[in-house]
Amino acid sequence: MTPSSSAGALALGDDALVLSHRLGEWAGHAPVLEEDVALANIALDLLGQARVLLSLVGDEDELAYLREERAFRNLQLVEQENGDFGHSIARQLYFSTYQQLLYGQLAAGDGVFAPLAAKAVKEVDYHRDHAEQWTLRLGDGTAESHERMQRGLDALWRFTGEMFQPVEGVDGVDWQSLHTSWHTSVSSVLKRATLTVPEGPQTGSWSAGAGRQGLHTEPFGRMLAEMQHLHRSHPGATW
Amino acid sequence: MTATDWPLWEVFVRSRRGLSHTHAGSLHAPDAEMALRNARDLYTRRSEGVSIWVVPSTAVTASSPDEKDSFFEPAGDKPYRHPTFYEIPEGVQHL
């Protein structure tokens, strides 16, 4: 692992770890029992990816539980609060579409992340399908589900531009074509769901996004406090 | 909308190629596509299956417990219906 690849593993690993924790927060709170299990399954897939990636960088527990907020390199999108179910599905659609395209490119290459990406992309295919199915049903459902889904999509749009900034140490990715493919894919789902592709820039002064540089949004601190509390209170605790 | 508004689906899972689908349980889902995905998450998350069927529970016609006596009991004392009264010729294998 070169220092540069290590930085790449940290960025991808933190995306997976943080989103996994956010989805885990749905456990026991999802609208129906079946969905509770579905979200927990996705969270566990992401946690598995995070463990492999963070192990490339160092001790996975230390990295997850003992780093300060500014040392995390995840996208600001994945740290956003769950909100209502539509909000969480919007976050899932944006991120899983990105992750599927990114891991697809990595798996097709011969870089250090190719083997991991080839395995993970099958999981991520399902995550994206799950988000698509729900987006279609909420968007083309009742007036209220449509309105909530659109609100989630609009609120998170400004966090999407950050996904297409090249990530240090993640080589062999055509970020421009990734962005184009992402926009085409998301737009197609939203159109079928009778939803509107949000307007407004994805990057620039109005938009958010410096998570890869260690700058995070307000909800992230609270999430980390909860995630790290046990490990920090009882160092070395085991089952 | 709550899960109580959602129809019930019966889930059948084929655990290996060559075996038939076996009833695994039931679940609630808004439609068949979601039922299939929920079934995948609930019943095959530990590699239990290679194929899934979902069937609306309302499409199942079941025998009634009240008819149990007339339906099943008459078969109980007719051992001649079992293929156990044949002499198996020598040399026949795999029976």
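Per chain, numbering begins at 1; letters A, B, ... match sequence-line order.
A pairwise comparison of heavy atoms in B/Arg37 and A/Tyr126 identifies O-OH, 3.2 Å as the closest pair.
By the 6.0 Å contact criterion, CZ on B/Arg14 is enclosed, its count of non-hydrogen atoms from other residues, nucleotides or ligands being greater than 12. Atom OH of B/Tyr43 sits in a crowded spot, with more than 12 heavy atoms from other residues, nucleotides or ligands closer than 6.0 Å. Within 6.0 Å of atom CG in A/Asp110, 12 or fewer heavy atoms from other residues, nucleotides or ligands are found, so the atom counts as exposed in its surroundings. Within a 6.0 Å sphere centred on NZ of B/Lys68, heavy atoms belonging to other residues, nucleotides or ligands number 12 at most. Enclosure of atom NE2 in A/His229 is not indicated, since only 12 or fewer non-hydrogen atoms of other residues, nucleotides or ligands lie within 6.0 angstrom.
For A/Ile42, no part sits under 4.5 Å from any heavy atom of chain B, backbone or side chain.
Between A/Glu35 and B/Asp41, the closest side-chain pair of non-hydrogen atoms is not below 4.5 Å. At least one side-chain heavy atom of B/Arg45 sits under 4.5 Å from a side-chain heavy atom of A/Val37.
Most heavy-atom pairs under 4.5 Å with chain B, from the set A/Leu44, A/Thr142, A/Asp129: that is A/Asp129.
Here the straight-line distance linking atom CG of A/Asn41 with atom CG of B/Leu42 works out to 8.0 Å at 0.5 Å rounding. The structure places CD of A/Gln133 at 10.0 Å from CG of B/Leu36, a figure rounded to the nearest 0.5 Å.
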